[in-house]
Protein chains: 2
Amino acid sequence: MDELLDILKKNQLSVTAGRKKILELFLNSPGALAHADIEKNTDAAFDRVTVYRTLQTFVDKGIIHHIPTTDNSILYALCRDNCEQGHHHDNHVHFICDNCGKTICLEDVTVPEVKLPNGFTPSHAEMVVKGICGDCR
Amino acid sequence: MDELLDILKKNQLSVTAGRKKILELFLNSPGALAHADIEKNTDAAFDRVTVYRTLQTFVDKGIIHHIPTTDNSILYALCRDNCEQGHHHDNHVHFICDNCGKTICLEDVTVPEVKLPNGFTPSHAEMVVKGICGDCR
DNA sequence: CTATATTTGCAATAAGGTTGCAAGTATTAA
DNA sequence: TTAATACTTGCAACCTTATTGCAAATATAG
């Protein structure tokens, strides 16, 4: 069966044109996508609201996750690790290229542990590295 | 001389009531502040626009820095390291409490280095840890 | 104290995101 | 295959957050 349908079915989501198309974009993207990227790549075939709601649904189901940024943009990327509904395991480093602006998931680079001050209990850590990516070198 | 005035003068900024008040808030805050926090703590004595412009000026001068978040909020915190105009050295870890929601600068916890894939050149790294802070334990 | 440069506040505008609701589509069960 | 049900979509309106131009007000330098 198609990976696309598989993912949607596994998460008990009805299969609709919008969800298929948006999920496909994520499966074919090496990096992160912003809402604007999705609108652009779908030729605005779907309403803004639908895109927002689809993204939110995917986050809720653990299919995609938010990526932290220093500006106020919201980026999403596929959860390639074992994410479940309401429980994300997104512990790889994200890379943002200073030149092309792309955000790339470094699947093989794990977020290192850090020693916190007394009294602090960690539950989750995110790491974003900026610099020049392989393509722009 | 007052630390406040000292910082403003050093950065060649005119000393105004708004800048003094906003900078004071940062000096007295252990963590990060959002635009909304500042409006609240100044009783809206200053126009929203003034607050935005003051924050931008402080960022430009290297007095405060943006903090990465996973949602789309913008947070600012004092640069306690040696930041200069146009050149921030904000390499400590930030902690966001799952309980009280506060963002705290862990001045003493340095962002660790990570080994990147071939072709990637890092320029800057950010790290955000979530969990329970000392006060909420 | 005056002249100049900078900063502020207002109004208008833009960008980004959300909500209610009716119409449309997917799914389920017969 | 079809009908009933549940879910999803698109529209319109709205809200929050952020930005810009400009005139009035304030700070600084001389």
Side-chain angles (χ1 to χ4, degrees), chain A residues 1-2 4-25 32-61 63-64 66-76 85 101 103, chain B residues 1-2 4-25 32-61 63-64 66-76 85 101 103:
Chain A
M1 185 193 288
D2 195 359
L4 256 167
L5 298 181
D6 197 36
I7 292 174
L8 292 177
K9 294 249 168 101
K10 253 189 198 142
N11 288 284
Q12 303 157 56
L13 292 173
S14 339
V15 177
T16 65
R19 286 177 179 166
K20 277 198 288 187
K21 181 63 186 167
I22 292 174
L23 184 50
E24 189 190 338
L25 284 177
L33 296 173
H35 177 271
D37 297 321
I38 292 164
E39 290 233 301
K40 203 181 307 163
N41 284 297
T42 52
D43 293 320
F46 308 103
D47 193 86
R48 295 159 7 89
V49 178
T50 301
V51 175
Y52 281 118
R53 285 197 272 227
T54 303
L55 290 171
Q56 189 55 54
T57 302
F58 286 180
V59 171
D60 290 345
K61 292 292 186 180
I63 300 172
I64 61 177
H66 283 207
I67 291 180
T69 60
T70 28
D71 57 11
N72 69 331
S73 62
I74 307 186
L75 292 177
Y76 302 89
Q85 183 164 353
T103 297
Chain B
M1 185 193 288
D2 196 0
L4 257 166
L5 298 181
D6 197 36
I7 293 174
L8 293 176
K9 295 248 168 100
K10 253 190 196 140
N11 288 282
Q12 301 156 58
L13 292 173
S14 341
V15 176
T16 66
R19 287 178 179 166
K20 277 199 289 186
K21 182 63 186 167
I22 292 173
L23 183 49
E24 189 189 337
L25 284 178
L33 296 173
H35 178 271
D37 297 320
I38 291 165
E39 290 230 301
K40 203 181 307 163
N41 284 296
T42 53
D43 293 320
F46 308 102
D47 194 87
R48 298 160 21 80
V49 178
T50 301
V51 175
Y52 281 118
R53 286 196 273 228
T54 302
L55 289 171
Q56 189 55 54
T57 302
F58 286 180
V59 170
D60 290 345
K61 292 293 185 178
I63 300 173
I64 60 177
H66 282 209
I67 291 180
T69 61
T70 29
D71 58 11
N72 70 331
S73 63
I74 308 185
L75 292 178
Y76 302 87
Q85 183 164 354
T103 297

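Chain letters run A, B, ... following the sequence lines, proteins first and then strands; every chain starts at 1.
Residue A:Tyr52 places none of its side-chain N or O atoms closer than 4.0 Å to OP1 or OP2 of C:dT18. Residue B:Thr16 has no polar side-chain atom (N or O) positioned under 4.0 Å from OP1 or OP2 of C:dT6. The phosphate of D:dG10 (OP1 or OP2) has a side-chain N or O of A:Thr50 nearer than 4.0 angstrom.
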**OP:** Please step through side chain to side chain contact (heavy atoms under 4.5 Å, CB included) for the pair A:Leu55 and A:Ile38, ending with a clear verdict.
**Re:** CA-CA 10 Å; A:Leu55 290 171; A:Ile38 292 164; 3.7 Å; yes
Original post:
Can B:Tyr76 and B:Leu33 be said to form a side chain to side chain contact (heavy atoms under 4.5 Å, CB included), step by step?
Top reply: CA-CA 5 Å; B:Tyr76 302 87; B:Leu33 296 173; 5.5 Å; no
**OP:** Test A:His35 against A:Ile74 for side chain to side chain contact (heavy atoms under 4.5 Å, CB included), laying out the working first.
**Re:** CA-CA 8 Å; A:His35 177 271; A:Ile74 307 186; over 6 Å; no
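Between the side chain of A:Arg53 and the base of C:dG17, no donor-acceptor pair under 3.5 Å is found. Checked by distance alone, A:Arg48 brings a side-chain donor or acceptor within 3.5 Å of a matching partner on the base of C:dG17.
Residue B:Ala32 comes nearest to B:Ile67 through the heavy atom pair CB-CD1, 3.4 Å, listed as atom of the first residue, atom of the second, then distance. The two residues B:Lys20 and B:Leu4 have their closest heavy-atom pair at O-CD2, 3.4 Å.
For the pair A:Leu13 CG and C:dT25 P, the interatomic distance rounds to 19 Å; values are reported in whole Å. Rounded to whole Å, atom C1' of D:dT8 lies 12 Å from atom CD1 of A:Ile22. One atom, CD of B:Gln56, and another, P of D:dT17, lie 18 Å apart when rounded to the nearest Å. Between the NE2 atom of B:His35 and the C1' atom of C:dA15 there is a distance of 16 Å, given to the nearest Å. Atom CG of B:Leu75 and atom P of D:dA18 are 11 Å apart (whole Å). Rounded to whole angstrom, the span from the CD atom of B:Glu39 across to the C1' atom of D:dT16 amounts to 12 Å. Note: CZ (B:Phe46) to C1' (C:dT8) measures 10 Å, nearest angstrom. In this structure, the CD1 atom of A:Ile74 is 13 Å from the P atom of D:dT17, given to the nearest Å.
Here the side chain of A:Asp47 is nearest to one of C:dT8, D:dA27, D:dG10, namely D:dG10. Side-chain atoms of A:Val49 lie closest to D:dC11 of the nucleotides D:dT28, C:dC10, D:dC11.
Between B:Thr54 and A:Ala17, the residue anchored nearer the 5' end of DNA chain C, judged by the nucleotide with its closest heavy atom, is B:Thr54.
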